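Keep in mind the model is a prediction, meaning the values are calculated, not measured. Any value given below was found using the heavy atoms of this structure, including those in side chains, with hydrogens, waters and symmetry copies removed.
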Amino acid sequence: MIIFAKKLYVSLTCQKTSHNFTKIVFKPLQTNLFNIVLISFFLTIGCGNLYSQEIKSNKKPLQAAKQTDKPQIIPNDTIKLDTVRPAKTFLDGKVRYKAKDYAKIDQKKKLITLYNEAELYYKDVELKSGIIVLNYEKDEVYAGRIKDSAGVLVQFPNFKQGSSEVQPDSIRFNFKTKKALIYNSRTKQGELNIKAAVTKKENDSVYYLKEARITTAQDIDNPEYYFRTSKIKFVPGKKIVTGLTQMVIADVPTPLALPYGYFPLSQEKSVSGIIIPSYNDSNTRGFSLQNGGYYFALSDNYDLTVLGDYYTNGSYAMRFESAYATRYKYRGNVNIRFENLISSERGYPDYSKQNIYNIQWSHSKDSKSNPNSSFSASVNMGSSKYFKQSINQANVGSNLNNTLSSSISYNKTFNTIPGSRISLSATHQQNTQTEQILMTLPNLQGSIDRIYPFVGKDGVKKGFIKNINLQYNVTGKNNFVTYDSLFFKPQMFRDAQIGMQHSIPISTNFKIFKYFSAGASTNYQETWVTKTIEKGFDESKGQVADKTVNGFDSYRTYNLSTNLGTTIYGTFNFGEDKRIQSIRHVMRPSLTYSYTPSFDQYYEHYTVDASGKISTDEYSRFANGIYGAPGQSNSNIVGFSLSNTFEAKVRDKDSTKTEPKKIMLLNNLNFNTSYNFSADGKKTLAWQPIVVSGGTQFFDNKMNVNFGAVLNPYAIDNAGNVINKYNIDNGGSLFRMTSANLTMNYSFSNKGTGKEKNTQSQRNGGRNDDLFGTNTDLNDSRNSQFANEPERDEDAVSEFFSSKIPWDMTMAYSLTYSNTNRESKITGNSIMISANMDITPKWKGGVSTGFDFVQKGVTFTQFRFERDLLSWRMAFNWNPMGANANWNFFIGIKSGMLSDIKWNKRSASNR
């Protein structure tokens, strides 16, 4: 007899007792198929044979047991053992199963039936379904769906073996051959979802599919697009090979078809592959294939993308892009871009040909890898006209920028006493208007930490003497001043300026009358150069000329300076019952004095004509040096600066709060000027203009306001030259405002999160916002306005009717006033606005525009729209006016695996 529990069964074991009786022992046994078969075996064969042997060997076992309590010795059975080997069990592993409603065993048909939320586990096979039928005679299992109370088929089978997982309508699987027949299977491989009418599992690594569809859509039963094929060979984790494959969009077959298809599947993060080019045409360059190339997944730490364009008029472009990273050490990327641009056709008046290039490199080192050293790079260099004329860039912010800059630096700190550090760097500054390039390669800087020679053993630095400290600094430069056309050519290196400068600053600070902070310092400086000049009359040219003298030379300078400053606090109280309870004013005045003697020993006379007449003019042989020439005249300058902050204490609107709230009225209001006692009134004037600057914030720090002005106390003559006469003595006011400016920036949004910065535009030299539009790399379609948003619930009620539509807006206003030559006019007055809005949950729109009130015209304008098409993305950008007028349309699959399935069309700009 077998007693079934819900999850445990009772197994029966036959044993011999000490009285030669056969007894049946019941004990709980874990539910599995092997134990069920074992029970049947013992009940039908084992126990019966054992009991019959007992009867034959002891005919009266009950009577013998009554006569004596001693155990009887039973002779060994002389019957030989059966030489036929027992049949091997059908499964060589442990089978576990359970079901919610019942688990029924049919011994006659050799079936185990599991119903409702059935589960079966055997080795690496996991099977869950509405109903599971195990035929342990044929070593097969069947699984399918069941109907719920409404008659709807539910509880689809879920078959999992190793890393492969299938969700079919029904499945038939053989445990020994490992083969399976699967009907309406659904499986996911990376980004691909696969559904097939019939699937045959040949072995653990090969599947054959019939009437299948492949898609990246989430809803595989109702996808917005798919690739339909009649047969597939599927190797999980490696590849999918198909027969005739046709693309279907919205259940409508398209004429796009291939005789066969190959979809690589890799467990790695990325695989190498061809990048399909896009077709385009241009009125000035003809037809083209753009952004085609190859992606090299070289390793887990770095990759390489090679892209190219070709136009039928002969124009072409090449781009090399690589990203690299090593965890806890460093990361970076390199972009090298070259374009050979030909406009029109040879022989036409508008024909032109030029080469442009751009190199960008960004590198950062993880500080945890080595805290005593660091290496970083931020490079943006190349042709000055690259961002203006590139056929693959639509970056107006970078186009309007006049400066490209680069920096590569290595810093090392030495754990010495005193501490020391060294820095080696290369810098680059490039003016895209004048095309002048200033490069420093290399730039060496070294320093030794401050030394306090008069500090006692207690380490207290207090007073004038104990605070005396000195330091050593050294800098070395190799400067190149050149132009685009001469960059990295021999002339650039011939004109290099090399020099080194050593300085030893000595300083101290102390208190005066408890409230004043005072300081004094002196600085000794020695400068070395490798080139000097010699002025003289050149008879062959008939004029004064400079002659370059190669060789080591040096000069030494020093200066003295002192400073005195304090902080003054003032509070204006209006009463605790007032809305504004008080205003606090903080002033920080500072007075400085600096003295630099004349170093006229480094100046010489030179002849100006063939007669040898001595000119009264003088020159220094260090004039054109890398660090310039030392000063020829004494300098006694007293400087004055005053910084102010204003803060208000306001009663909070929330009556439950007892403490008032602090509001910053003016973050800063600064005044700076100086007076030179050694000014001669001709070349130099005593008073320097007063520079006023300030800034504050409004609307919970969302609006930044900055302003500035220059006030000159001197008058100007009719030619507009500044003269040594005060403006008030010339019939004017006390100060003459020569220039002023006002800028305001306001960003606000109802999204509650900070707006993402336009980092690529900033890297290219433009703005980090979208006031000049978004940065668009026309060979990269991965950028999306939906990129950093959380996933939406597709089953939720549409937000189209919601009263809160997500939006953000950025505004910038600039006003510039000029009065250097009594023109007294507004030279700049413009406003720029950028706005983005979620028109619907799937539609985004944005606009960047502005207006120049001086030129009375609309500034750069861009319209951008984007549509989330579930598995697809559609975008349209339009710049309707100006030299950068163009439009760009894109539609393509979001998935990186199928990103080459796209259509990109754009117009050529007027550049």
Side-chain angles (χ1 to χ4, degrees), residues 329-330 332 361-379 381 405-429 437-455 459 461 467-481 493 495-509 519-532 550-561 563 594 596 599 602 622 624-631:
K329 288 187 178 181
Y330 55 82
W361 178 29
S362 176
H363 179 95
S364 61
K365 180 175 175 289
D366 194 323
S367 59
K368 296 186 287 295
S369 62
N370 188 344
N372 293 326
S373 67
S374 64
F375 178 80
S376 63
S378 177
V379 175
M381 61 185 298
S405 61
S406 306
S407 174
I408 304 173
S409 64
Y410 172 77
N411 298 278
K412 174 71 175 177
T413 301
F414 300 94
N415 295 323
T416 57
I417 300 177
S420 58
R421 59 189 55 83
I422 190 172
S423 172
L424 194 64
S425 64
T427 60
H428 155 265
Q429 296 287 333
I437 298 173
L438 173 62
M439 176 179 285
T440 303
L441 179 67
N443 184 8
L444 172 68
Q445 293 183 335
S447 65
I448 297 177
D449 286 350
R450 295 181 184 276
I451 301 173
Y452 293 82
F454 301 107
V455 173
K461 304 181 186 70
N467 268 304
I468 293 177
N469 61 85
L470 58 92
Q471 191 179 7
Y472 170 73
N473 301 312
V474 59
T475 63
K477 293 182 179 181
N478 182 22
N479 272 12
F480 303 96
V481 180
F493 297 97
D495 298 337
Q497 294 282 351
I498 304 174
M500 185 172 286
Q501 202 168 61
H502 310 264
S503 63
I504 302 177
I506 302 174
S507 62
T508 184
N509 59 80
S521 64
T522 182
N523 184 48
Y524 171 80
Q525 191 166 270
E526 182 167 332
T527 303
W528 298 347
V529 296
T530 59
K531 288 182 180 180
T532 55
N550 294 317
F552 175 81
D553 207 341
S554 63
Y555 64 88
R556 284 150 289 280
T557 61
Y558 63 90
N559 60 66
L560 304 171
S561 64
N563 63 81
S594 64
T596 302
F599 299 100
Y602 298 113
F622 302 101
N624 295 338
I626 188 172
Y627 294 105

Locate the shortest heavy-atom distance separating Val481 from Leu438; write the atom from each residue and the value.
-> CG2-CD1, 3.6 Å
Go through Gln501 and Thr527 one step at a time and tell me if the side chain to side chain donor-acceptor pair (under 3.5 Å) criterion holds.
-> CA-CA 4 Å; Gln501 202 168 61; Thr527 303; 3.0 Å; yes
Check: Asp449 and Arg421 side chains under 4.5 Å, non-hydrogen atoms | yes
With rounding to the nearest 0.5 Å, note down the distance linking CZ in Phe414 to CD1 in Ile448.
-> 11.0 Å
Using modelled atom types only, decide if a donor and an acceptor are shared between the side chain of Thr440 and the backbone of Asn479 within a distance under 3.5 Å.
-> no
Minimum-distance pair of heavy atoms, taken over all atoms of Phe599 and Pro630 | CB-CB, 4.0 Å
Donor-acceptor contact below 3.5 Å, side chain Tyr472 vs main chain His502 | no
Check Pro453 against Asn469 and note the closest heavy-atom contact, atom names and distance.
-> CD-CA, 4.4 Å
Residue pair Ser507, Arg450: steps toward the side-chain contact (heavy atoms from CB on, under 4.5 Å) verdict | CA-CA 10 Å; Ser507 62; Arg450 295 181 184 276; 3.6 Å; yes
Between Ser364 and Ser376, do the side chains contain an N or O donor and an N or O acceptor separated by less than 3.5 Å?
-> no
Find the distance between CG (Asp553) and NZ (Lys531) and round it off to the nearest 0.5 Å.
-> 14.0 Å
Without hydrogens or angle criteria, can the side chains of Asn550 and Thr530 be said to hold a donor-acceptor pair below 3.5 Å?
-> no
Minimal non-hydrogen separation, Lys365 against Ser373, with atom names | NZ-O, 3.0 Å
At what distance, to the nearest 0.5 angstrom, does CZ of Phe480 lie from CD1 of Ile437?
-> 12.0 Å
Taking the six-membered ring for Trp, are Phe622 and Tyr555 ring centroids under 6.0 Å apart?
-> yes
Go through the side-chain N and O atoms of Thr475 and Gln445 and say whether any donor and acceptor fall under 3.5 Å apart.
-> no
Rounded distance [0.5 Å steps], CD1 in Ile408 versus CG in Leu424 = 10.5 Å
Please determine, by modelled atom types, if Ser423 and Asn411 share a side-chain donor-acceptor pair under 3.5 angstrom.
-> yes
In terms of heavy-atom contacts, Asn559 and Thr522 come closest through O-OG1, 3.0 Å
Applying side-chain contact (heavy atoms from CB on, under 4.5 Å), run through Ile506 and Ile468 and close with a yes or a no.
-> CA-CA 7 Å; Ile506 302 174; Ile468 293 177; 4.2 Å; yes
Spatial distance of atom OH (Tyr627) from atom CH2 (Trp528) [nearest 0.5 Å] | 11.5 Å
Rounded to the nearest 0.5 Å, what separation is found between the NZ atom of Lys329 and the CG atom of Asn370?
-> 11.0 Å
Distance-only polar pair, side chains of Ser521 and Ser561, donor-acceptor under 3.5 Å | yes
Closest heavy-atom pair and its distance - Ile626, Asn478 = CD1-N, 4.4 Å
Should the ring pair Phe375 and Trp361 be called parallel, tilted or perpendicular, given that the plane angle runs from 0 to 90° and is split at 30 and 60?
-> tilted
